Amino acid sequence: MTGMNLFHHVRQKVEAALRTLQQEGLLPADAPLDRITVEPPRDPAHGDVTTNAAMVLARAAGMKPRDLAGKLAALLRAEPDFKEVEIAGPGFINMRLSDAFWPQLLDAVLAEGEAYGRSDIGRSEKVNVEYVSANPTGPLHVGHTRGAVFGDALANLLEETGHDVTREYYINDAGAQVDVLARSVFLRYREALGEDIGEIPAGLYPGDYLKPVGAALAEKYGRSLLEKPEEEWLPLVRDFAVERMMALIREDLAALGIEHEVFFSERTLHESGLIDETIRELEKRGLVYVGRLPPPKGKPPEDWEDREQLLFRSSDFGDDIDRPLKKSDGSYTYFAADVAYIRNKLERGFTQLVYVLGADHGGYVKRLEAVNKALSGGSARLIARLCQLVKLYRGGEPVKMSKRAGDFVTLRQVVDEVGPDVVRFMMLTRRNDAPLDFDFEKVTEQSRDNPVFYVQYAHARICSVLRNASEELGAEAQGDVDFSLLSDEAERQLIRRIGEYPRMLEQAARAHEPHRVAFYLQDLAAEFHALWNKGKEKPELRFIMPENPLLSRTRLAFLRAIRYCLANGLRILGVRPVEKM
RNA sequence: GGUCCCGUAGCUCAGUUGGAUAGAGCACCGGAUUCCUAAUCCGGGGGUCGCAGGUUCGAAUCCUGCCGGGAUCACCA
């Protein structure tokens, strides 16, 4: 028992009926049941739940869909959970649940509370979600925000649906750019010791955020580094600087409520010999060779040199061309480290490797998939999700960002201005592969246009009613409830929506699409606001009615069920529900 | 030129992994407040789902080819 999911419940009834048909010989024993869907119909007038079972299985049964539907419907009508079972269209079976079913659903929601929606469909699968993984050369900028929020919400979503999730950050601390970082910091170190360093030379990081790093270095080493040659000071300064940058990045992430469990250093892959080991293994399997790559098609680059290099046969596994493992200076490429990294992840037992990347890394996905295929042999899935750009606006005007290095909007500036909850929710109001506009003014507006506000307001309104209840009802606030009293169409629609929550989470998790949670919450909030206003025209629909304590208590319990859906959904997005506005 | 993503109402976007008559918000027009938060709600018009084929009981969804927009394209990360 993993919690109340009415569509699972109905599916079991449908499958039981199908087994009966199998026993009667009307349906082959090996009929494919996995293609059957049990879902809410698009049009509520068609009932509460619909299944395509008869259409999917008609061929196997050698019957017309509507005839098979007739057999199935006859069996389902015997179930007390259903009030009506009808055949419609080409062979849909539409079911309306009995009046007695809905109170049971609400009881279950209240009993499960904060756990409502949780499931074990992930079967404790070990999932590695790698996200952010920004270079440790400076603070996170706004471009990192979307991937950070998306990855974190996805990790929460997978956890909620029964996966064993590890949140991971890959530190690119082995390449040339961390050497550039070291030289940039060394300049700030000299500056801290009183030297006039003038303009920061092109090719180095000019940002002021390196000043305190240089100062800290001066405090730690005094003038001692000045006399050493670069070969000696560079590793020291580099390690020091990377550590400080990662501390900075962790602070930025913490401001957004993000905390990775594992920070994995690229350098350890080189130093531990893991890359050597991985390449030897590939060599044994004949997947590595020395050869030449064809020059890029279209216009060939000016500095293209045709040369022999060590290549991985990624084209055997779906990639367009084979990929180089070593650079011209003999050191390993970034790709070689990633091969070893994937091997490491597989050795740690992950069977699902999720990569949250910026859209500019789209060209990298095929080779990652190829590596995973080669190393796991298909026992693990690699899932890449690309996040499109976020465009910043302020009152409809684009926020200008000069291309001059160092002049960019940081993640921290955005979070500090509008708050982490707004940032997180807004980043999930579009599909990850669609571009997103973020307007500093609109996202803090208190209006229907602003989805964050709209959902939060629904939650706050519910809290407000619950606060007023004890005052208005007094001792009558406590006592039994009778959910069968909730008979208005607006109320019933909300109950159905509550019932969809676990299914929505499952679908979102399977598709790796946390934005679906955000859209669900907007729908739920809209239906709640509608009911609220209905109580203005029809006083008998108000939540608190002192002259009718039983109905009042029932509606308050109903509101708590709605609140659980709102709060649980927001929690997955990493947004704190507010109780007052 | 290759690869990947996108194309749905005037605008911004959903569309339950192939289902029934394609939905919401904004904008436009008209309404609702003695009363639990009007920071909200109700009603109205608005469509060649980029185009053309194919797959089948059934396509916005899957396949192929075009058109248009974006990203990317040896050794950097």
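Just so we're on the same page: letters track the sequence lines, and every chain starts at 1. All values derive from a computational prediction rather than experimental measurement.
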Taking the side chain of [X] as its heavy atoms from C-beta onward, which of [options] lies nearest to it?
X	options	result
A:Y364	B:U37, B:A77, B:U16	B:A77
A:P40	B:U16, B:C75, B:C41	B:U16
A:Q177	B:C36, B:A20, B:A77	B:A77
A:A88	B:A20, B:U40, B:C5	B:A20
A:H529	B:C13, B:G19, B:C41	B:C41
A:N533	B:U17, B:U40, B:U12	B:U40
A:V465	B:C41, B:C76, B:U37	B:U37

Whole angstrom value for the distance that separates [atom2] of [N] from [atom1] of [X]:
X	N	atom1	atom2	value
A:M504	B:U17	CE	C1'	16 Å
A:D523	B:G15	CG	C1'	11 Å
A:D433	B:U72	CG	C1'	16 Å
A:L466	B:U37	CG	C1'	14 Å

Counting N and O atoms only, with roles assigned by atom type, does the side chain of A:S314 sit under 3.5 Å from a partner on the main chain of A:I321, one being a donor and the other an acceptor? yes
Taking A:R267's backbone N and O only, do any of them form a donor-acceptor pair with A:D173's side chain (distance below 3.5 Å, no angle check)? yes
Check: [X] side chain, [N] base, donor-acceptor under 3.5 Å:
X	N	result
A:T333	B:A77	no
A:D360	B:U72	no
A:N94	B:A20	yes

Test: [X] cationic atom under 6.0 Å from [Y] six-membered ring centre, within 45° of axis:
X	Y	value
A:R394	A:F440	yes
A:R503	A:F7	yes
A:R313	A:Y289	yes

Would you say that more than 12 heavy atoms from the other residues, nucleotides or ligands in this model lie under 6.0 Å from the CZ of A:R292, or not? yes
Contact class for A:T50 vs. all strands (heavy atom < 4.0 Å): base, sugar-phosphate, or nothing? base
Considering every strand and a 4.0 Å limit on heavy-atom distances, what is the contact class for A:F453: base, sugar-phosphate, or nothing? base
At less than 4.0 Å, is any side-chain N or O atom of [X] found next to OP1 or OP2 of [N]? Yes or no.
X	N	value
A:K536	B:A38	yes
A:H515	B:G15	yes
A:R431	B:G15	yes
A:N52	B:C57	no
A:K534	B:C35	no
A:R510	B:U17	no
A:R307	B:A74	no

Taking A:R496 first and then A:E489, would you say they form a salt bridge - that is, a charged N and a carboxylate O separated by under 4.0 Å? yes
Can you give one letter per nucleotide of nucleotides 59-64 of chain B, going 5' to 3': B for a protein heavy atom under 4.0 Å from the base, S for sugar-phosphate only, - for none? -B----
In Watson-Crick or G-U wobble terms, both distances under 3.5 Å, what is the partner of [N]?
N	answer
B:U3	B:A71
B:U21	none
B:C66	B:G50

Classify the side-chain pair A:E506/A:Y501 by whether it contains a donor and acceptor separated by less than 3.5 Å. no
Could you measure between the two [atom1] atoms, the one in [N] and the one in [M], and give it in whole Å?
N	M	atom1	value
B:C67	B:G25	P	38 Å
B:C6	B:G46	P	30 Å
B:U61	B:U16	P	12 Å
B:A14	B:G7	P	8 Å
B:A60	B:U21	P	10 Å

Are A:H529 and A:Y457 near enough that their ring centres are under 6.0 Å apart? yes
